[in-house]
Peer 1: 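Here it is, the structure in full.
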Amino acid sequence: MTRKAISGLVICTLLLGVLVGCAQENRTLTPIQTKDTEQMIVTASQNTTELVGQTLQESLGVPVRVEEPNLPTKSRKFSVAISADISVPKTDQLSIYKVSSAELSEAFVANAFDYFCKGQTMYNYGKLTNTREQIEGRIGMMQRDLDNNDSPDGPNGGDAWRKEYEAEIARLKTELSNAPEDLGEPIQSARLEPDEAAGGGTYDRFMAVNATKYPFTMELFAWNNVAYPTDEVRYIEGMDTTVAPRSEASFHFNDTRRISGVLFRVKDVTNEARIAELSTTPAEAMAKSTSLLDALGVSGMKPYRVILAREFDENTSATGKYAYFVQVCRTVDGIAVLSPYARTYVGGLDDGHEWAYETLDIRMDDEGIIGMNWVSPLTVGAVEVERANLLPFSSILDVAKTMLVVANEPLESDLNGYDQVAIQIDRITLSLQRVPNADSINDGLLIPAWNFYGTQRYILAGGTETQRGLDEPIDSIDQPFLSINAIDGTVIDKTHGY
């Protein structure tokens, strides 16, 4: 079992809203039932008790380290412990900022294409669906469904679908007569082009690959948010899909010529001077990432963490080459904006309205950059509260000692087969974090938040421990076990974000 296997429990628990009320340093923490961003701003604007000349660490009473070896749990098989260093910005205040979703600029896409694809012949991947091979594949798949009477609506769906399939096959056969064999002429320059999405949506995209047919060993994809004619969530029956507005503009570059498998986490090497697995040092990986961002014209972003990763073939269980996974975050007035690799939802996980958190990562080996992902860029607006009134750390820790257990304790059925499931919190950070405005996937706030990170170990009967490093792909890291609003002590649900 990986941590992702019990994430549904975490979400359901946090939705119960075990929250905490507001006060100044002598405030009494009282459970409340709802989270009100307007009330939070009022609380944050109250006169602060910080003294001039004191750092946040001093004014909030933050120790260098926390040791809480055994938090009370219901099951003897489940344990939570805190043995963590605490990271606090070196400043005397934190602010609240307005923030909104942004899109990728054509200038950025052009810079990325020139940088990553220099010397490579690239082709328009967007033409792939119109090639002879793809059309023949669609015809064959639909014909098999007809031959097997395999209705897309199930055994009780009626026969209307057969006429739809037969008409579509006839249309595709007409299209096949003039279909190109491959992706055609090479791309001369990168330019965002309009395209259609399911449900009548339109968006801008650029997609390039380094061959006219499969397989491709280099790909560079960029797309902006889809604009739909309505904000409603709509189910497209013929495609068995749901469409609704989302904020998730994305850029992905991947070069698989040297490392083709999935990268899995080995360890955090940010503070190591040198490692045996790669000749490039972690510090050099950070410097190369900074240079890359400068070359691409990406401002307001800074590398902050380096993870050693290793290639892993899930089919053969074979391990391969090593690479660095460099995490990059937005900084506002020198303060980091940390984000989980997740998204917030309006209404619920099945509602369809989504806003991905901004994340940016760069992957490299000793020979150079092999990948970059940038999801859901942000535009930071005006300061909403210049000097936010924050709860003392002792109050935050009181909430954490209860909620780390409540938010993460698995059901007894999830513990079957394990002698022990142990969470060890080893890193606590104070940073900025995005929360959405009510019912919005475009506008929100950057607020001060405490995040509790760590590891989760699954120990079998007899003491055998599962290998967490080979259980979690590299991009599932940095999911905090708990996020707490530093202003009012409420738990931040990462999928609702407030």
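Residues: numbered from 1 along the sequence shown.
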Peer 1: Is there side-chain contact between Asp92 and Arg387, with at least one heavy-atom pair below 4.5 Å?
Peer 2: yes
Peer 1: Is the backbone of Asn225 close enough, under 3.5 Å, to the side chain of Glu103 for a donor and an acceptor to pair up by distance?
Peer 2: yes
Peer 1: Can you check whether Phe481's main-chain N or O pairs, donor with acceptor, with Asn408's side chain at less than 3.5 Å?
Peer 2: yes
Peer 1: Is the Lys NZ or Arg CZ of Arg265 less than 6.0 Å from the centre of Phe325's six-membered ring, within 45° of the axis?
Peer 2: no
Peer 1: Using a 3.5 Å distance criterion without hydrogens, assess whether the side chain of Asn210 forms a donor-acceptor pair with backbone atoms of Met218.
Peer 2: yes
Peer 1: Look at the side chain of Lys321 and the backbone N and O of Arg258, then say whether any donor-acceptor pair between them is shorter than 3.5 Å.
Peer 2: yes
Peer 1: Within the 4.5 Å heavy-atom criterion, are Ile96 and Ile487 side-chain neighbours or not?
Peer 2: yes
Peer 1: Taking Arg205 as the fixed residue, which of Trp223, Tyr125, Phe221 is the one that meets the side-chain contact (heavy atoms from CB on, under 4.5 Å) rule?
Peer 2: Trp223
Peer 1: Do side-chain atoms of Asn442 reach the backbone of Ser101 as a donor and acceptor pair under 3.5 angstrom?
Peer 2: no
Peer 1: Start with the C-alpha distance between Val266 and Ile307, add both sets of side-chain angles, then the distance that settles side-chain contact (heavy atoms from CB on, under 4.5 Å), and finish with yes or no.
Peer 2: CA-CA 7 Å; Val266 177; Ile307 304 294; over 6 Å; no
Peer 1: Of the non-hydrogen atoms in Ile369 and Met364, which two are nearest, and what is the gap between them?
Peer 2: CD1-CE, 3.8 Å
Peer 1: Hey, are Lys74 and Glu409 close enough for a salt bridge, meaning a charged N less than 4.0 Å from a carboxylate O?
Peer 2: no
Peer 1: Using a 6.0 Å cut-off, check whether atom CD of Glu58 has over 12 heavy atoms from anything other than its own residue.
Peer 2: yes
Peer 1: What's the verdict on side-chain hydrogen bond (donor to acceptor under 3.5 Å, both in side chains) for Glu196 and Thr202, showing C-alpha distance, side-chain angles and the deciding distance?
Peer 2: CA-CA 5 Å; Glu196 295 181 357; Thr202 58; over 6 Å; no
Peer 1: Are any of the side-chain heavy atoms of Leu296 and Phe251 separated by less than 4.5 Å?
Peer 2: no
Peer 1: Is there side-chain contact between Ile441 and Pro436, with at least one heavy-atom pair below 4.5 Å?
Peer 2: no
Peer 1: Without hydrogens or angle criteria, can the side chains of Asp366 and Thr280 be said to hold a donor-acceptor pair below 3.5 Å?
Peer 2: yes
Peer 1: Using modelled atom types only, decide if a donor and an acceptor are shared between the side chain of Gln479 and the backbone of Tyr341 within a distance under 3.5 Å.
Peer 2: yes
Peer 1: Within the side chain of Thr55, is there an N or O that forms a donor-acceptor pair under 3.5 Å with the backbone of Lys90?
Peer 2: no
Peer 1: Quick check: does any side chain N or O of Glu384 sit under 3.5 Å from a backbone N or O of Lys98, one acting as donor and the other as acceptor?
Peer 2: no
Peer 1: When you compare the side chain of Pro229 with that of Arg234, does any pair of heavy atoms fall below 4.5 Å?
Peer 2: yes
Peer 1: Could you tell me if Thr344 and Arg434 have a donor-acceptor pair between their side chains, going purely by distance under 3.5 Å?
Peer 2: yes
Peer 1: Any non-hydrogen side-chain atom of Pro448 less than 4.5 Å from a side-chain atom of Ile335?
Peer 2: no
Peer 1: Would you say Arg363's side chain and Asn254's backbone share a donor-acceptor pair under 3.5 angstrom?
Peer 2: no
Peer 1: Give a yes or no answer on whether the side chain of Thr230 reaches the backbone of Glu232 with a donor-acceptor pair at less than 3.5 Å.
Peer 2: yes
